[in-house]
Enquirer: 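Before I ask anything, here is the structure I am working with.
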Amino acid sequence: MTTTLVNRIQLVEERIKQACERSGRSREEVKTIAVTKYVSIDATKDAVEHGLLHLGENRWQDAQAKWEEISGNAQAEAAGQPVWHFVGSLQTNKVKDVIGKFTYMHSLDRLSLAEAINKRAVQLGIVVPCFIQVNVSGEDSKHGIEPEQLYSFVEQLQQYESVQPIGLMTMAPFESEPEQTRSVFRALRELRDELLQRSPGSGSIIHLSMGMSNDFEIAIEEGATWIRLGTILVGKEEV
Ligand SMILES: *Cc1c(COP(=O)(O)O)cnc(C)c1O
């Protein structure tokens with residue numbers, strides 16, 4: 001198990017490096033989230049012991065036991081401890097469970113959620129770095145706000161002082177030919193660039209959370225600053 005994980009980490013690292021080189025980017029610009037939703041508590045602890053300190057989960061129900069074992073909080077990153085990223089769509093009634101435990105929110109997709117996060121963050125005295133999820137591909141099944149709504153969404157977010165938008169996130173449709181996801185990633189990057197140019201007050205929205213096991217190299221070539229890797233990095237097992 002351990003050997004396999006070490007091999008996977010090395011393989012992924014090599015591929016990240018090459019994608020950075022191909023696109024003239026520095027390796028430091030790209031950070032990896034190990035998405036542990038398909039693996040056990042032990043495998044998650046193993047990942048942490050091997051230096052994968054950014055952990056991603058998409059459902060609180062599944063994440064809870066792992067979080068209780070490993071723990072985390074808003075200050076974890078500064079302290080060099082495991083940092084949790086919530087990457088799935090979050091129901092408003094789960095905000096109280098997740099905020100304060102998970103440092104980053106990758107799926108901010110509606111104002112009512114921003115309001116709930118803000119309320120909880122104020123109670124806890126923290127600021128929550130959030131990615132705005134954008135439905136670039138236009139698939140009905142995908143969460144996220146429509147690209148056309150982005151400007152007004154960002155503007156309205158300013159009323160929630162403990163919600164700090166730091167970037168955009170998207171999910172590309174699964175393609176057997178990963179190259180076909182390129183236009184989705186490129187569109188997210190262009191949205192970010194336009195936002196930074198046109199909209200004052202959006203200066204903190206610099207990150208791009210995009211790219212999964214099947215397409216992370218393309219996402220890196222198109223500007224990803226956070227890639228979210230499950231299967232290829234920590235594996236997939238019946239839990
Ligand atoms: C599951 C998941 C991932 C990782 O998926 P893999 O294809 O296994 O790398 C990334 N992002 C989100 C939002 C996910 O739900």
Side-chain angles (χ1 to χ4, degrees), residues 4-5 7-16 19 30-41 43-44 46-48 50 52-64 66-67 82-91 94 98 102-110 113 117 128-145 166-182 184-185 188 207-239:
T4 316
L5 179 61
N7 292 344
R8 287 205 192 99
I9 291 173
Q10 286 172 348
L11 184 80
V12 165
E13 178 57 31
E14 195 48 44
R15 288 174 61 179
I16 293 174
V30 182
K31 293 193 190 166
T32 305
I33 299 162
V35 178
T36 51
K37 69 183 184 198
Y38 297 126
V39 300
S40 64
I41 297 179
T44 305
D46 205 21
V48 171
H50 284 80
L52 299 175
L53 289 183
H54 289 276
L55 305 172
E57 285 279 335
N58 69 338
R59 285 165 54 95
W60 170 244
Q61 296 93 304
D62 301 335
Q64 184 169 7
K66 291 173 197 166
W67 184 86
V83 178
W84 292 86
H85 296 248
F86 200 85
V87 301
S89 73
L90 184 61
Q91 288 169 272
K94 295 287 189 312
V98 168
F102 281 63
T103 303
Y104 290 89
M105 255 299 297
H106 286 251
S107 50
L108 182 57
D109 61 356
R110 57 194 191 279
L113 181 59
I117 292 173
V128 182
C130 295
F131 292 82
I132 300 167
Q133 185 168 356
V134 186
N135 183 2
V136 177
S137 72
E139 279 186 307
D140 285 348
S141 60
K142 295 279 187 278
H143 290 274
I145 63 165
I166 61 161
L168 306 180
M169 178 274 209
T170 203
M171 307 257 299
F174 180 86
E175 300 284 355
S176 47
E177 180 42 66
E179 190 61 35
Q180 292 180 359
T181 59
R182 187 179 295 278
V184 171
F185 297 142
L188 195 72
H207 286 284
L208 294 173
S209 166
M210 59 189 194
M212 308 182 6
S213 290
N214 190 45
D215 52 24
F216 67 98
E217 289 151 303
I218 315 245
I220 291 171
E221 288 170 20
E222 294 301 329
T225 62
W226 286 97
I227 53 175
R228 310 180 307 264
L229 303 181
T231 320
I232 202 169
L233 184 60
V234 288
K236 191 170 187 169
E237 56 187 58
E238 298 302 321
V239 194

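Just follow the structure's listing: the first ligand is 1, and inside any ligand the first atom is 1.
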Enquirer: E222 and F185: which non-hydrogen atoms are nearest, and at how many Å?
Expert: CB-CB, 3.8 Å
Enquirer: How close does the nearest protein non-hydrogen atom get to atom 6 (P) of ligand 1, and which residue and atom is it?
Expert: S213 OG, 3.4 Å
Enquirer: Using every non-hydrogen atom in the two residues, find where L108 and C130 come nearest and quote the distance to one decimal.
Expert: CD2-CB, 3.9 Å
Enquirer: Is N214 near ligand 1, meaning one of its heavy atoms is under 4.0 Å from it?
Expert: no
Enquirer: Could you state the interatomic distance from CZ (R110) to NE2 (H143), rounded to the nearest 0.5 Å?
Expert: 8.5 Å
Enquirer: Within a strict 4.5 Å, meaning less than it, do heavy atoms of the L55 and W84 side chains meet?
Expert: yes
Enquirer: For ligand 1 and T231, I'd like to know whether there is a polar contact (N/O to N/O, distance under 3.5 Å).
Expert: yes
Enquirer: Only heavy atoms of V87, strictly under 4.0 Å: list the atoms of ligand 1 that pass.
Expert: 12 (C), 13 (C)
Enquirer: Just need the protein heavy atom nearest to atom 5 (O) of ligand 1, so name the residue and atom and give the distance.
Expert: M212 CE, 3.6 Å
Enquirer: Could you measure the distance from the CD1 atom of I227 to the NZ atom of K31? Nearest 0.5 Å is fine.
Expert: 12.5 Å
Enquirer: Heavy-atom distances under 4.0 Å are what count here, so tell me which part of K236 touches ligand 1: side chain, backbone, both or neither.
Expert: neither
Enquirer: Under 4.0 Å from a heavy atom of N58: give me the atoms of ligand 1 that qualify, with their elements.
Expert: 15 (O)
Enquirer: Judging by distance only, is a nitrogen or oxygen of G230 under 3.5 angstrom from one on ligand 1?
Expert: yes
Enquirer: With a 4.0 Å cut-off on heavy atoms, does F216 reach ligand 1?
Expert: no
Enquirer: What residue and atom, counting heavy atoms only, is the protein's closest point to atom 15 (O) of ligand 1, and at what distance?
Expert: K37 NZ, 2.6 Å
Enquirer: Check for me whether L229 has a heavy atom closer than 4.0 Å to any atom of ligand 1.
Expert: yes
Enquirer: With side chain to side chain donor-acceptor pair (under 3.5 Å) as the test, would you mind laying out the steps for T170 and Q133 before giving the verdict?
Expert: CA-CA 6 Å; T170 203; Q133 185 168 356; over 6 Å; no
Enquirer: Pull out every atom of ligand 1 sitting under 4.0 Å from any heavy atom of R228, numbered as shown with elements.
Expert: 4 (C), 9 (O), 10 (C), 11 (N), 12 (C), 13 (C)
Enquirer: Testing T32, V30, V87, I33 for side chain to side chain contact (heavy atoms under 4.5 Å, CB included) with W226, which one passes?
Expert: I33
Enquirer: Verify, without hydrogens or angle tests, whether K37 (side chain) and G88 (backbone) share a donor-acceptor contact under 3.5 angstrom.
Expert: no
